[in-house]
Structure formats: C-alpha cells, structure tokens
2 protein chains.
Amino acid sequence: MFAATQPRRRRKEARPSELTAAALALFVEKGFAATRLEEIAIRAGVSKGTLYLYFDSKDALFKAVIQEGIVPVVAEGEAIAARHDGSAVELLERLLENWWSRIGETEYAGIPKLMIAEARNFPDVARFYYENVIRRGRALIGAALERGMASGEFRRLEVETTIEVVIAPILMLLIWRFSMAPCLGREIEPRQYLAIHMELLRQGLERSRV
Amino acid sequence: MFAATQPRRRRKEARPSELTAAALALFVEKGFAATRLEEIAIRAGVSKGTLYLYFDSKDALFKAVIQEGIVPVVAEGEAIAARHDGSAVELLERLLENWWSRIGETEYAGIPKLMIAEARNFPDVARFYYENVIRRGRALIGAALERGMASGEFRRLEVETTIEVVIAPILMLLIWRFSMAPCLGREIEPRQYLAIHMELLRQGLERSRV
DNA sequence: GTTTTTAATGACTTTCGGGTCATTAACCTA
DNA sequence: TAGGTTAATGACCCGAAAGTCATTAAAAAC
C-alpha cells in the first residue's frame with residue numbers, strides 16, 4: 001500500500017489561521033519549547049517550509065497565536081455591562097455566562113494556560129495580553145463589584161483584591177482542564193463548578209443582614 | 001584581572017539538593033524544555049558533568065525536583081485537622097495559614113506552576129503528584145466542609161465541586177506570582193488576598209438565616 | 001609524606017530541531 | 001494550451017544543547 005500523497009493546494013487565505021490553530025493546540029499541550037515546528041505544520045496539513053511563508057520565526061508564530069486569541073469577547077462584556085440595568089449579582093452572572101460561552105467552550109480556552117506557562121519567556125507578549133484582556137476583564141468585574149457596593153447590594157470589601165479572588169476560580173477551571181485533567185481522567189464538570197462559584201459569591205458578597 | 005577559579009570542593013551529600021533547588025528555580029522561570037542543564041549546574045556551583053553524577057538524565061532531574069517538593073506539609077495538615085476541636089471555619093483558617101507558611105512562603109511555592117505547565121509532558125509525575133499532594137489536600141478541605149455541613153455551620157452544597165472552588169484561588173495566587181507578576185510588576189499582596197478569600201468563604205458557606 | 005579512592009571537571013560527540021532555498025507544481029490569464 | 005506567477009515543498013545547513021568520558025585533584029587511608 002502506498003499512501004497517496006495529496007496533491008498540493010494553494011490556499012493563501014486559509015493557511016495563517018489554520019497554522020495558528022494547530023500551533024495553539026500543540027503549544028497548550030506540550031509547551032512552546034517542546035513543540036516542533038514540523039508537528040505544527042503536519043497538523044495544519046502543510047510542510048515546514050510553508051509555515052515560514054507566513055511566519056518569520058517560531059517566536060513570531062507564538063505572538064500571532066496570542067494576538068489572534070484576543071477575540072472581541074472583552075468588548076462584548078463591556079457592552080453587556082453598559083446596557084445592564086438589573087442587580088449587580090445578575091450582571092456578574094451574565095458576564096460569567098458570556099465568558100464561558102465565548103471563551104470556555106471554544107478553542108481559545110487553552111490560551112490562559114499557555115500564557116501562564118510562557119509569560120516569563122515572552123514578557124512583551126505577556127504585557128500585551130495583560131493590557132488587552134486581563135486588565136479590561138478585571139475592570140469589568142471591578143465595575144460590577146463597585147456598582148453592587150454603591151447600591152448597598154454588596155458589602156464593602158477592598159475592590160482590587162476582591163477582583164482577583166473572584167476571577168481566580170474561573171481561570172483555574174481552564175488551567176486544570178488543559179494541564180492535570182488529561183493526565184488523570186478527572187474532568188471538572190464546568191456548569192456545576194461555575195454554579196457553585198457563583199452561589200458562593202452571591203452569598204459571600206451580600207451585605208450582612210445585621 | 002583573572003577570575004580566580006574556585007578550588008574544587010567534594011560535597012557528595014549536599015550536591016543533590018543544591019541541584020534540585022537550582023533546577024526548580026529555573027524550571028519554574030523558563031519551563032523544563034527551555035532550561036539548559038549547564039545553567040542549572042552553574043547556578044548550583046558545579047559543572048555539567050557533576051550533574052550527571054547525581055541524576056541519570058534531564059527527565060530524572062525533573063522527577064526528583066517534584067518528589068523532593070513533596071514535603072510532609074500535607075501530613076501536617078492532616079494532624080491539624082485530626083486534633084482540631086473548634087468550628088469548621090476555624091479549621092479552614094488554620095489549614096490555610098499552615099499551607100501558606102509551609103508552602104506559600106517557601107521555595108516550594110513554584111511547584112504548582114511548574115507541575116501545571118509540564119503535567120502533559122510528564123503524565124506519570126503528574127499522577128504521582130496528584131496522589132501524594134492534591135488528593136490528600138482535597139480530602140482535608142472536603143472533611144472540613146463536611147464537618148461544617150454536618151454541624152449545621154455550613155449550608156449544604158455538592159462537596160466534591162465545592163472543594164475545587166475553594167482551592168482554586170489559593171493555587172492561582174502562586175501561579176500568578178510565578179508567571180504574569182514578574183512581567184508586569186503587579187504583585188498580589190498575599191495576606192490581603194487570602195483574607196478576602198477567607199472572608200468571602202466564611203459568609204458564602206454560612207447556612208442561610210431564613 | 002605517600003598512596004588510594006572517587007568527586008569533579010570540561011572538552012568532546014551526537015542528536016535534534018529551527019531556519020533556508022532551489023525546485024516543483026497549482027492556479028491564473030491571455 | 002502556453003506561459004507566467006507564486007504558493008508549496010522537503011532536502012539541506014548549522015548551531016545549540018543533551019549526554020559521555022578520559023583526566024584531574026580533593027580528601028581519606030595508611
């Protein structure tokens with residue numbers, strides 16, 4: 001049996017995103033340094049040479065992966081917050097729901113783990129990601145918290161640090177899924193996890209009834 | 001000026017732990033694949049050849065780093081839980097305090113980030129770490145939660161998932177410190193972070209006053 | 001002080017993978 | 001359908017880093 005080599009296809013438009021998608025999957029799984037460019041190329045259905053047609057270097061490919069991963073989901077969250085008129089806890093719920101359906105359930109879900117693992121090898125990319133995603137995401141949560149505190153719905157806590165505590169379980173869910181879970185067969189059930197997180201927050205943030 | 005080359009020292013006993021300490025620091029900073037063995041050797045004050053006197057391969061060194069990082073801190077937590085006779089929330093506080101002073105403030109603090117980044121390249125080490133640290137840590141938190149629910153101090157929630165939600169911010173604190181923080185100069189203040197986490201938990205877990 | 005043992009060294013070998021480029025062939029246009 | 005353009009290929013180059021080992025010298029033994 002001879003593996004019939006596929007005829008070449010010229011698909012200039014489709015290649016870059018196919019390559020970054022393949023790269024994202026492999027970087028998340030094995031880490032940047034341990035991923036070979038040829039693996040990425042094969043996964044994207046091209047040769048190594050083709051990869052260099054679209055990206056100058058392995059580093060450039062990494063940067064492209066992160067930049068492409070910055071979908072307008074943050075802007076979407078900002079729009080949700082702007083037109084929201086219910087309670088603060090409802091706003092937090094909506095932001096969480098939106099985040100999950102637009103990030104958690106998509107191919108972008110691996111980016112947080114990748115960014116965390118490689119931040120110190122790509123400090124400029126880390127800063128870019130921080131400025132364009134984390135900072136704006138934090139601001140969204142911060143505004144919701146402050147709204148709740150101002151209206152008397154939430155008790156008063158130091159906001160900046162509370163933001164971190166609120167976001168942490170959301171990130172850990174994705175990190176776990178792309179790191180330990182595949183080694184253990186112990187998936188976390190996301191909907192239940194997020195529901196309990198939200199439930200603890202709802203009551204934990206509530207202004208004490210004295 | 002000639003750099004006076006230090007005279008050799010024969011220190012058979014001290015070398016292995018000095019080498020694993022150097023390796024841990026560099027693995028956490030740069031990742032396993034991107035760390036050169038010679039860097040580790042230099043940091044430990046020896047030559048590359050000496051490293052191979054004590055470890056068979058780079059992989060073996062990684063395994064040793066993780067295994068050495070499993071200090072008896074879990075057992076300590078188990079002892080604290082066994083002799084605790086106060087409220088469940090006090091138990092959670094004590095466990096958190098012990099964890100922070102015995103892990104969070106020591107050189108071992110980098111291990112969670114390292115393990116998360118490399119789990120899928122070392123699935124057997126990941127399982128070992130899970131069995132010996134994570135599983136026992138989860139069991140500790142789970143027992144505290146169940147004690148609180150049984151006594152009526154906490155409301156009833158699905159325990160297994162609640163454990164994950166409770167642990168997540170504690171892990172994210174360390175992960176952040178060893179990944180994004182060094183790139184941004186945005187350290188999280190640990191004591192305040194842990195205090196707010198505990199405060200949200202205290203009220204979030206409380207049985208509702210109907 | 002001399003000999004023996006073995007911890008330590010660093011130059012060397014080898015393998016691996018990032019990056020290059022001359023060649024090939026798919027698609028377009030006239 | 002012939003000719004031109006350029007997307008795609010994969011053999012090749014080369015530097016870097018894992019791993020080896022003959023040699024050196026620190027400490028121990030006598």
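All values reported here derive from a predicted model rather than from experimental measurement. Numbers restart at 1 for each chain; the letters A, B, ... are given by sequence-line order, proteins then strands.
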Exercise. Got more than 12 heavy atoms from elsewhere within 6.0 Å of CZ, Arg102(B)?
Worked result: no
Seminar exercise, completed: The single option from Glu13(B), Lys12(B), Arg11(B) that satisfies side-chain contact (heavy atoms from CB on, under 4.5 Å) with Arg15(B) is Arg11(B)
Seminar exercise, completed: To the nearest angstrom, the NZ-C1' distance between Lys12(A) and dC28(C) comes to 14 Å
Problem set entry | Any Lys58(B) side-chain N or O less than 4.0 Å from OP1/OP2 of dA18(D) | yes
Exercise. Nearest-Å distance, CZ (Arg10(A)) to P (dA26(C))?
Worked result: 10 Å
For this session: Could you label the plane-to-plane angle of the Phe62(B) and Phe122(B) rings as parallel, tilted or perpendicular, counting under 30° as parallel and over 60° as perpendicular?
Result: parallel
Exercise. Does Leu53(A) or Ser57(B) map to a spot on DNA chain D nearer the 5' end, using the closest nucleotide for each?
Worked result: Leu53(A)
Exercise. Would you say Lys48(A) reaches dG10(D)'s phosphate, i.e. side-chain N/O to OP1/OP2 under 4.0 Å?
Worked result: no
For this session: Could you tell me whether the phosphate oxygens of dA27(D), OP1 or OP2, come under 4.0 Å of any side-chain nitrogen or oxygen in Arg9(B)?
Result: yes
For this session: Using whole Å, report how far OH of Tyr52(B) lies from P of dA7(C).
Result: 19 Å
Exercise. Among residues 25-43 of chain B, which contact DNA chain C at a heavy-atom distance under 4.0 Å?
Worked result: none
For this session: Ignoring backbone atoms, establish whether Thr50(A) has a side-chain N or O less than 4.0 Å from OP1 or OP2 of dT9(D).
Result: yes
Problem set entry | Rounded distance in Å - CD (Glu18(B)) to P (dA7(C)) | 15 Å
Exercise. Atom CZ of Arg11(A) and atom P of dA26(C): how far apart are they, to the nearest Å?
Worked result: 15 Å
For this session: Take atom OH of Tyr54(A) and atom P of dA7(D), then tell me their distance rounded to the nearest Å.
Result: 6 Å
Exercise. Roughly how many Å is it from CZ in Arg8(B) to C1' in dA8(C), rounded to a whole number?
Worked result: 5 Å
Exercise. OP1 or OP2 of dT9(C) sitting under 4.0 Å from any side-chain N/O of Ser47(B)?
Worked result: yes
Problem set entry | Under 4.0 angstrom between Arg15(A) side-chain N/O and dA8(D) OP1 or OP2 | yes
Exercise. Considering the terminal five base pairs at each end of the helix from dG1(C)-dC30(D) to dA30(C)-dT1(D), what angle separates the two local helix axes, rounded to 10°?
Worked result: 10°
